[in-house]
Protein chains: 2
Amino acid sequence: METQKIPTKVFINLTEDKKRRILDAAVREFSKHGFHRASINRLVKNLGIAKGSIFQYFGSKEGLFKVTFEYCIEQVKKSLRKIKHQSNGVSFFDKIKNTVFAGIEFAKSHPEAYQLYLKMVFQEDFPFREMYIKQIHIFSADYLRDLVVEGIERGELKKDLNIDATVFFLDSLLDRFVQAYVVEFLDAGAEIHAASNKKISSYVDELINLLKTGLGAGER
Amino acid sequence: METQKIPTKVFINLTEDKKRRILDAAVREFSKHGFHRASINRLVKNLGIAKGSIFQYFGSKEGLFKVTFEYCIEQVKKSLRKIKHQSNGVSFFDKIKNTVFAGIEFAKSHPEAYQLYLKMVFQEDFPFREMYIKQIHIFSADYLRDLVVEGIERGELKKDLNIDATVFFLDSLLDRFVQAYVVEFLDAGAEIHAASNKKISSYVDELINLLKTGLGAGER
DNA sequence: CATGCTAATGACCAGGTGGTCATTTGGAGA
DNA sequence: TCTCCAAATGACCACCTGGTCATTAGCATG
């Protein structure tokens, strides 16, 4: 008798299609209601399978969540790899612009996964929360740090920049921009929420301009 | 027979002290667990009063939440009034700095109220959510807009700034800064979380410098 | 057709929820 | 001291939760 792996082999042996159906439904359920309010009863009703099967596949609600969340992270990774590859060779500020669009594109094509991330960050009582958030921040902050360092080397950015502060600065802005696109009422009256691509584009240009030259009426 | 007001007169007639005790405990319960997972049973146990009383005071869980949240908003208003009054006459960028400190001060002295706000924004299924978030954003965005307009008039800011974009820019940064102070893992490795006042102060200075002059290696 | 074995099933369980209401309590007025 | 009535109480209700497990179904092999 050995300890159970999660997910169990019973789940792994399912057809790819059924596995995807189950995980997609789980992402929807968790993203809509958060961990604790998510209901296994509702989930299996939506799926048309028996409740016992879920526990045979994942052992517990926590196990189901774990597998579901890792499934989401895999999607994020794919997305980031793509954008990193695409914007090879362009300027720092264009890379930032591409990153914003990639973020919005992800939130658009995987709205439930993104909602789940938001809940995870701010709701505080998910299992394994700390571990997962750390994992995600390795992507985003490190990714931005690389961009900044490269930008400085290339002479596109001031060479005396405080890197930590700059990364935080960028991270805030980008993260919040995508949030405003998705969450509503977070756009401070700027009507970013669900705006057209064109509008978004001109908005991002404005922000990048502010980023580049600052707000102050400098003595240039 | 007329429709019940919430809170009922039974609650209103309580001593100020008991009212405060009840609302403080409710803020703690809701901020810790969110609306749906908050438990009336646990609340009354902590308070040492009977469950029936809560329903006599507020009619329902929703009624309790409404009164509790409005109690929090009142605290925010007080805080904003204070800081608005204090920083009369100082420069734009000093006002921004004061605002950051006021935000952190509020999150520090009313951690539960602030947590409740975060949950409200990102958890999506509170009652009256939309209404309340709108109400809150009237404060913050309008407040910042006033600062920006005044800054432009005084010649402290570029006079061709896009005001909407600038307000969004500032709102993102300030909001996120306070979040990073409270939430942990949101500081992109910048170690803002629960930092000392001194560290915070130097950090804010860095950020304001970025705000003022931008990131770009301009042709100044 | 019979056997054997795994996967699927859903009735059932203990425990927690918001909400109700008949009963008790406590203090003001006579 | 007795009366009265609003306020406080907590046992109780129907409902829902995650989780269990004896039973059934389905299918491959002999």
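Proteins get letters first, then strands, A, B, ... in listed order; numbering begins at 1 in each. The structure presented is a predicted model; accordingly, all values stated were derived computationally and were not measured.
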statement: In whole angstroms, the gap separating P of dG18(C) from NZ of K45(B) amounts to 13 Å

- prompt: Once you round to the nearest 0.5 Å, how far does CG of D175(B) lie from CG of D175(A)?
  reply: 11.5 Å

- request: Fit a plane to each ring of F122(A) and F122(B), take the angle between them on a 0 to 90° scale, and name the class: parallel (under 30°), tilted (30 to 60°) or perpendicular (over 60°).
  value: parallel

- request: Check every atom of dT9(C), dT20(D), dG19(C) against the side chain of S53(A) and return the nucleotide holding the closest atom.
  value: dT9(C)

Between C1' of dG18(C) and CG of N41(B), the distance in whole Å: 8 Å

statement: To the nearest angstrom, the NE2-P distance between H33(A) and dG18(D) comes to 11 Å

- prompt: Which part of the nucleic acid does K61(A) contact within heavy-atom distance under 4.0 Å: base, sugar-phosphate only, or nothing?
  reply: sugar-phosphate

statement: Here the distance between atom C1' of dG19(D) and atom CD1 of I6(A), to the nearest Å, is 13 Å

query: Under 4.0 Å: is that the gap between some side-chain N or O of Y57(B) and OP1 or OP2 of dA8(D)?
result: yes

Interatomic distance where CD1 belongs to I49(B) and P belongs to dG10(D) [whole Å]: 11 Å

query: If you check every side-chain atom of A50(A), which of dG18(C), dG10(C), dA7(D) has the closest atom?
result: dG10(C)

query: Quick check: does any side chain N or O of N98(A) sit under 3.5 Å from a backbone N or O of S87(A), one acting as donor and the other as acceptor?
result: no

task: Would you check if F177(B) and D187(B) make a side-chain contact, meaning some heavy-atom pair closer than 4.5 Å?
output: no

- request: Report yes or no: is the cationic atom of K119(B) (NZ for Lys, CZ for Arg) under 6.0 Å from the centre of the six-membered ring of F30(B), at an angle within 45° of the ring normal?
  value: no

- request: Identify, residue by residue, the members of residues 8-30 of chain B with a heavy atom below 4.0 Å from DNA chain C, and return them in order of residue number, or none.
  value: none

Distance in angstrom units between F35(A) CZ and dT17(D) C1', rounded: 12 Å

query: Do we see a donor-acceptor contact under 3.5 Å between the side chains of Y143(A) and T99(A)?
result: yes

task: Using atom CZ of R37(B) as one end and atom C1' of dT17(D) as the other, report the distance to the nearest whole Å.
output: 11 Å

message: Just the rounded figure in Å: distance from C1' of dT20(D) to CZ of F58(A).
response: 18 Å

message: Of the options dG18(C), dT9(C), dA8(D), whose atoms approach the side-chain atoms of Q56(A) most closely?
response: dT9(C)

- prompt: With a 3.5 Å cut-off and no angle check, do the side chains of E191(B) and Y203(B) form a donor-acceptor pair?
  reply: no

